[in-house]
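For clarity, every value in this text was computed on a predicted model and none was experimentally measured. Order of the sequence lines fixes the chain letters, A, B, ..., with proteins taken first and strands second; residue numbering starts at 1 for each chain.
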Amino acid sequence: MPELPEVEVTRLSFAPAIQGALVIFASLGKALRWPLGCPVTALAGRRVQGVRRRGKYLLLDLDQGLLLLHLGMSGSLSFAKSPPPRGVHDHFDLVTSQGTLRLHDPRRFGAVVYASSQADPIAQKLLGHLGAEPLGDGFLLADFQIGLKIRKAAIKQVLLAGDLVVGVGNIYASEALFLAGIRPTLRACKISRARAARLHAAIREVLARAVAKGGSTLRDFSSASGATGYFQLEAMVYGRTGQPCRVCGTPIKILRQGQRSSFYCPLCQAL
DNA sequence: CACGGATCCTGATGGC
DNA sequence: TGCCATCAGGATCCGT
């Protein structure tokens, strides 16, 4: 479900409300992708200092250690003063003095992992290889161009891999490639410097715009306060197989790359 | 060692 | 209505 925009919209929706809260207790439901990494009872008594984001991870800074939250494919967070009783797909509750943060995740590809610090091996394993933050100052065009030059995989796969630039998932990879006029199957190393520059700008543009629209709600995404997103309404290619391209009218095509669907306009995205 | 594919899990959807 | 196959916003791990 959640790519960078959905994760960032989620963060913005509860970070101010949970800031400074005292953890009263925490509880786990069914197993998520990885074990918590500490006794769940050890979280009680800690204070939440703030919420950051790295790629698609949310980092809950505690006065001692931090929690890494990942929403996987189907996860969402809610934050409420009086949450309803836990449902079958609610797998983590962090009950605090200011409200309960709850992870809802039917497919359980998501994760809640404790790390004693960002130098902790588990934090390094999950975050250490991540690429540049596309909306930050560190997403440098020169580095992006070099990164593309040395990768032979299809550009769509390179964007999804997350070791060059983070946060671009299946929706926004297709959307950014459309904006840049690049076919998803084109090998990264074959992209000219000029087109790489277009793609660099397109990634920033599409992600920033999606954040501004509250993310994309395809099936069930909502922020921690329950708000749904609207970006999907203005998708140029994602999920639009057979429908006319919004620019040239040519029917949008779909193809499979690495078990995922890619959408593109055969005319606007020449090669 | 870079790359492609299988894999974890549940729910929704469409064809027969 | 039921049954089966397919697909879904992610990312790690493993074999080549």
**A:Q259 side chain, from C-beta outward: closest of C:dG10, B:dT10, B:dG5** = B:dG5
**Request:** Would you mind reporting whether A:L68 and A:L59 have side-chain heavy atoms less than 4.5 Å apart?
**Result:** yes
**Item:** OP1 or OP2 of B:dC9 under 4.0 Å from side-chain N/O of A:K30
**Value:** no
**Message:** For a quick check of understanding: with a heavy-atom distance under 4.0 Å over all strands, which category does A:R187 fall into, base, sugar-phosphate or nothing?
**Reply:** nothing
**Message:** Heavy atoms from C-beta onward define the side chain here; which of C:dG9, B:dG11, B:dC3 lies closest to that of A:A153?
**Reply:** B:dC3
**Item:** Whole-Å C1' distance, C:dA11 and B:dA12
**Value:** 23 Å
**Same-atom distance (P) from C:dC7 to B:dG5, integer angstrom** = 15 Å
**Request:** Tell me whether A:F109 is stacked on the nucleobase of B:dC8, counting only the six-membered base ring and applying the 5.5 Å and 30° thresholds.
**Result:** yes
**Message:** Closer than 4.0 angstrom, basic N to acidic O: yes or no for A:R46 and A:D63?
**Reply:** no
**Asked** Counting just side-chain N and O atoms, does A:S261 come under 4.0 Å of either OP1 or OP2 of C:dA8?
**Response** yes
**Prompt:** What integer distance in Å separates A:K156:NZ from B:dC3:C1'?
**Reply:** 16 Å
**Message:** Regarding A:H129, tell me which of base, sugar-phosphate or nothing describes its non-hydrogen contacts under 4.0 Å with the strands shown.
**Reply:** sugar-phosphate
**Request:** Determine, step by step, whether A:K125 and A:D120 satisfy the salt bridge (Lys or Arg N to Asp or Glu O under 4.0 Å) criterion, reporting the C-alpha distance in whole Å, the side-chain angles of both residues, the deciding distance to 0.1 Å, and the verdict.
**Result:** CA-CA 9 Å; A:K125 175 191 163 190; A:D120 190 315; over 6 Å; no
**Request:** Please give the nucleotide sitting opposite B:dC9 as a Watson-Crick or G-U wobble pair, both distances under 3.5 Å, or none.
**Result:** none
**Asked** Does any donor atom in the side chain of A:H104 or A:D90 lie under 3.5 Å from an acceptor atom in the other side chain?
**Response** yes
**Asked** Which of these nucleotides, C:dG10, C:dG9, C:dC13, is closest to any side-chain atom of A:I171?
**Response** C:dG9
**Complete:** Taken to the nearest whole Å, CD/A:E6 to P/C:dG9 is 11 Å
**Fill in**
Comparing A:H89 with A:I150, nearest DNA chain B nucleotide closer to 5' gives the residue A:I150
**Message:** Applying a 4.0 Å non-hydrogen cut-off, can you work out what A:F231 is touching in the nucleic acid: base, sugar-phosphate, or nothing?
**Reply:** nothing
**For atom CD of A:Q124 and atom C1' of C:dT12, their distance in whole Å** = 17 Å
**Request:** Figure out the CG/C1' separation between A:D163 and C:dG10, and round it to whole Å.
**Result:** 14 Å
**Phosphate OP1/OP2 of B:dT7: any A:R108 side-chain N/O under 4.0 Å** = no
**Asked** Nearest 0.5 Å, what's the CG-CD1 distance between A:D93 and A:I24?
**Response** 12.0 Å
**Message:** Check this for me, if you would: do A:E234 and A:K213 make a salt bridge, where the nitrogen-to-carboxylate-oxygen distance has to be below 4.0 angstrom?
**Reply:** yes
**Request:** Could you say whether A:G258 or A:R107 is positioned toward the 5' end of DNA chain C, judged by the nucleotide with the nearest heavy atom to each?
**Result:** A:R107
**Base-pairing mate for C:dG9 - Watson-Crick or G-U, with both contacts under 3.5 Å** = none
**Message:** Using whole Å, what does the distance between atom C1' of nucleotide C:dG10 and atom CZ of A:F221 come to?
**Reply:** 15 Å
**Euclidean distance, atom CD of residue A:Q257 to atom C1' of B:dC3 [Å, nearest integer]** = 13 Å
**Prompt:** C:dA11 P sits how many Å from A:L126 CG, rounded?
**Reply:** 11 Å
**Nucleotide C:dA8, atom C1' - distance to CG of A:D105 in whole Å** = 13 Å
**Asked** Any chance the side chains of A:T185 and A:Y264 put a donor and an acceptor closer than 3.5 Å?
**Response** no
**Request:** Considering only atom P, compute the distance from B:dA6 to C:dT6 and round it to an integer number of Å.
**Result:** 13 Å
**Message:** So A:R151, base contact, sugar-phosphate only, or nothing? Heavy-atom distance under 4.0 Å.
**Reply:** sugar-phosphate
**Request:** Please state whether the phosphate of C:dG10, meaning OP1 or OP2, lies under 4.0 angstrom from any side-chain nitrogen or oxygen of A:R33.
**Result:** no
**Item:** From B:dC3, C:dT12, C:dA8, nucleotide with atom closest to A:K152 side chain
**Value:** B:dC3
**Prompt:** Does A:Y238 make a side-chain N or O approach to OP1 or OP2 of C:dG9 shorter than 4.0 Å?
**Reply:** yes
